[in-house]
Amino acid sequence: MKVSVIGTGYVGLVSGVCLAEKGHQIICVDVDQAKVDKINKGIPPIYEAGLEELLQKNLHKNLVASTDLRQAVMDTDLSLIAVGTPFDGSEIDLKYIKQVSEQIGTVLKDKDGYHVVVVKSTVVPGTSDGVVLPILEKASGKKAGTDFGVGMNPEFLKEGEAIPDFMYPDRIVLGGIDDRSIDALAELYAIFDGVDKIRTNTRTAEMIKYTANSLLATLISFSNEIGNLCATVGVDVVEAMNGVHLDKRFTPILETGERIFPASITYLAAGCGFGGSCFPKDVKALISYGNQAGSPMRLLESVIEVNATQPEKMIALLKQHYPVLQGRKIAVLGMAFKPGTDDIRESPALPVTKTLLEEQAIVTSYDPIARHEAEKIFGTTVDFRDDLKEAIAGVDAILIMTRWQQFQAIPELLKDMENPPLVVDGRRMLDKTSVDKYEGIGLKSSVAS
Ligand SMILES: NC(=O)C1=CN([C@@H]2O[C@H](COP(=O)(O)OP(=O)(O)OC[C@H]3O[C@@H](n4cnc5c(N)ncnc54)[C@H](O)[C@@H]3O)[C@@H](O)[C@H]2O)C=CC1
Ligand SMILES: O=C(O)[C@H]1O[C@H](OP(=O)(O)OP(=O)(O)OC[C@H]2O[C@@H](n3ccc(=O)[nH]c3=O)[C@H](O)[C@@H]2O)[C@H](O)[C@@H](O)[C@@H]1O
């Protein structure tokens, strides 16, 4: 199929590259000339394992990038809209979705033949048929369902694992205003053999996406709240959660006979909080949507509240040992909101680092790939290092903010130190007995208070 993908961020570029790899003819469109130039040189503007190789393999064969949306829509049969849908402080901000709908509609006015416009961005229920469709009709002067189709195809990829998630999805949701629109999406994904496909209307497709993200965020905040109680009453949350996690309902048994471990994969691992460009904004958008619909989302409000205070737990644990942070040397390990990505949006490391700097601690930091992003925020106020060993040399305390597997080396690195630093484990990824001075989320502080 000939497909234009509008927006070349995490979702747009990964979708475009993977669909090209599956044999479709893809034109990736973005307003950002610099991004388009990079893509056309085979350099992905974002870091995602395996993306560069796949891009270079398909570039100028099945895939090309462009800033010319008109030509891209003219030359293709289906357009996937994958622009950002931020939270504006009170509700979902649909300005990019509206802009693109208007632009596509204007092209459809002059285009012969049946074109299908599909929303891939995460949008609140009612957006595809209540916002996108009327804009397309107005700008094109044509009728949805007769002259063109409208679909909704949410994306479930995780950053850091985007390529395998896209290539081997758990399910594909094919939402549309009518059978013809859904059939076009079914054709696009026909090549994904053996994957469960859900044919549904656009509103249900939109709701599936929010429900999935909100459930995952709820599991995390639930685990964090239990962790906070455990720490207060002297139970280790990791041990408590192991007892829960072994329930087969939470650790499905794979075809190989293995259980799904660790708990972080099933979103039951307590830690310093969830971040990223999606959970925080999507849960907030659904709360706002629920309020507007007259169905308040009280549980989800708590999910956000619990998450907002989790990073502070790291500072509280640190202060058990160092009540005054001024002049203390602290290593913040991990700036990315999760391993496998250089994305630091809403990362718990950001408020923690800000607090440390406000309290005049001397902060060093190491992140395997997100240094360049974190430097844009902290500049030289943080001493960024490219080497874990250098970042922790001579510090009073280490704060583990991201579950990078590289940090498993910490006990070994501290082993021979005369006066090893305190380790505050925000991801509960180290054995608590593997270092001399250990504090962790969901664990009673070793300092009697
Ligand atoms: N990042 C992720 O892991 C996932 C994101 N989503 C959803 O997908 C959507 C996109 O997210 P990301 O890819 O992270 O966003 P992003 O912010 O990384 O990329 C959006 C891109 O759209 C471009 N853009 C904006 N207006 C445009 C226009 N008029 N024409 C052409 N390009 C335009 C921007 O320049 C940017 O490159 C959001 O709704 C998000 O919630 C869904 C699943 C996973
Ligand atoms: O809509 C989206 O954008 C995507 O949002 C999440 O993906 P992502 O944000 O990339 O990353 P996750 O691996 O889900 O992690 C999110 C956050 O939760 C945290 N987390 C995860 C698991 C856990 O047990 N505890 C925990 O704190 C991670 O550290 C991270 O900060 C969803 O997992 C994807 O299915 C979805 O497509």
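Both counts, for ligands and for their atoms, begin at 1 and track the order of listing. Because the structure is predicted, anything quoted here is derived from the model rather than measured. Values below: all heavy atoms of this structure, side chains included; hydrogens, waters and symmetry mates excluded.
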query = At a 4.0 Å cut-off, with the gap strictly under it, does some heavy atom of K209 reach an atom of ligand 2?
reply = yes

For ligand 2 and [X], I'd like to know whether there is a polar contact (N/O to N/O, distance under 3.5 Å).
X    : result
A269 : yes
G275 : yes
F337 : yes
L157 : yes
Y267 : yes
G276 : no

key: Stepwise salt bridge (charged side-chain N to carboxylate O under 4.0 Å, His left out) check, D110 with R70   = CA-CA 10 Å; D110 306 325; R70 166 165 279 271; 3.0 Å; yes

What is the closest protein heavy atom to [atom], and at what distance does it sit?
atom                    : result
atom 20 (C) of ligand 1 : G84 N, 3.7 Å
atom 10 (O) of ligand 2 : E159 N, 2.8 Å
atom 17 (C) of ligand 2 : F274 CB, 3.7 Å
atom 7 (C) of ligand 1  : T122 OG1, 3.5 Å
atom 17 (O) of ligand 1 : R345 NH1, 4.2 Å
atom 1 (N) of ligand 1  : E159 OE2, 3.0 Å
atom 38 (C) of ligand 1 : T85 OG1, 3.5 Å
atom 27 (O) of ligand 2 : R427 NH1, 3.1 Å
atom 30 (N) of ligand 1 : V31 CG1, 3.6 Å
atom 6 (C) of ligand 2  : F279 CE2, 3.4 Å
atom 5 (C) of ligand 1  : V11 CG2, 3.2 Å
atom 12 (P) of ligand 1 : Y10 N, 4.0 Å
atom 3 (O) of ligand 2  : C278 SG, 2.4 Å
atom 35 (O) of ligand 2 : F156 O, 2.9 Å

task = Please test K95 against D88 for salt bridge (charged side-chain N to carboxylate O under 4.0 Å, His left out), starting from the C-alpha separation and ending with a verdict.
result = CA-CA 10 Å; K95 68 170 173 283; D88 74 1; over 6 Å; no

Those atoms of ligand 1 less than 4.0 Å from some heavy atom in [X]:
X    : result
I6   : 30 (N), 31 (C)
S277 : 1 (N)
G7   : 21 (C), 22 (O), 23 (C), 32 (N)
V100 : 28 (C), 29 (N), 30 (N)
Q103 : 29 (N)

Have a look at ligand 1 and work out which part of [X], if any, has a heavy atom under 4.0 Å from it: side chain, backbone, both or neither.
X    : answer
V123 : neither
K35  : side chain
P154 : neither

Mind checking whether [X] has an N or O less than 3.5 Å away from an N or O of ligand 1?
X    : result
K209 : no
K281 : yes
D282 : no

ask   = Should the ring pair F279 and F274 be called parallel, tilted or perpendicular, given that the plane angle runs from 0 to 90° and is split at 30 and 60?
value =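 The arrangement is perpendicular - the two ring planes meet at more than 60°.
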
ask   = Where does the angle between the aromatic ring planes of F407 and Y366 fall among parallel (under 30°), tilted (30 to 60°) and perpendicular (over 60°)?
value = perpendicular

ask   = Residues two or more places apart in sequence or in another chain: which of them pass salt bridge (Lys or Arg N to Asp or Glu O under 4.0 Å) with E375?
value =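 Residues passing salt bridge (Lys or Arg N to Asp or Glu O under 4.0 Å) with E375: R371.
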
note = Sequence neighbours excluded, the answer for salt bridge (Lys or Arg N to Asp or Glu O under 4.0 Å) partners of K22 is none

Closest candidate by heavy atom, reference [atom], pool [options]:
atom                    : options                : value
atom 11 (O) of ligand 2 : K158, K338, E155       : K338
atom 26 (C) of ligand 2 : I220, D170, N307, D343 : I220
atom 35 (O) of ligand 1 : I92, D32, D30          : D30
atom 9 (C) of ligand 1  : V83, L69, V14          : V83

ask   = I92 and T122: which non-hydrogen atoms are nearest, and at how many Å?
value =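 Heavy-atom minimum between the residues: CD1-O, 3.7 Å.
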
key: Nearest heavy atoms of V116 and Y114, plus distance in Å   = CG2-CE2, 3.5 Å

inquiry  = So S365 and T353, do their side chains get closer than 4.5 Å, heavy atoms only?
reply    = no

request  = Taking the side chain as every heavy atom from C-beta outward, state whether I304 and K284 have any atom pair closer than 4.5 Å.
outcome  =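 Sidechains of K284 and I304: in contact.
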
message = For D129, is there an ion pair with R203 - N to carboxylate O distance below 4.0 angstrom?
response =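 Result for this pair is yes, salt bridge flagged.
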
request  = State the atoms of ligand 2, each with its element, that fall below the 4.0 Å cut-off from a heavy-atom position in N213.
outcome  =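 Contacts of ligand 2 toward N213, numbered from 1: 1 (O), 2 (C), 5 (O), 32 (C), 36 (C).
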
Give a yes or no on this: more than 12 heavy atoms of other residues, nucleotides or ligands lie within 6.0 Å of atom [atom1] of [X].
X    : atom1 : result
F156 : CZ    : yes
Y438 : OH    : yes
E225 : CD    : no

query = Under the side-chain contact (heavy atoms from CB on, under 4.5 Å) criterion, do M152 and K209 qualify, and how do the steps go?
reply = CA-CA 10 Å; M152 203 289 142; K209 174 65 193 175; 5.7 Å; no

Polar contact flag, side-chain donor to acceptor under 3.5 angstrom, E91-Q292 = yes

message = Is it true that S128 and T202 share a donor-acceptor pair across their side chains at a distance under 3.5 Å?
response = no

task = Calculate, to the nearest 0.5 Å, the distance between atoms NZ and SG belonging to K444 and C230 respectively.
result = 11.5 Å

query = Hey, which of L54, L55, V17 is the one that makes side-chain contact (heavy atoms from CB on, under 4.5 Å) with P44?
reply =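 That would be L55; it is the only one of L54, L55, V17 passing the side-chain contact (heavy atoms from CB on, under 4.5 Å) with P44.
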
ask   = Quick one: does K120 get a heavy atom under 4.0 Å from ligand 1?
value = no

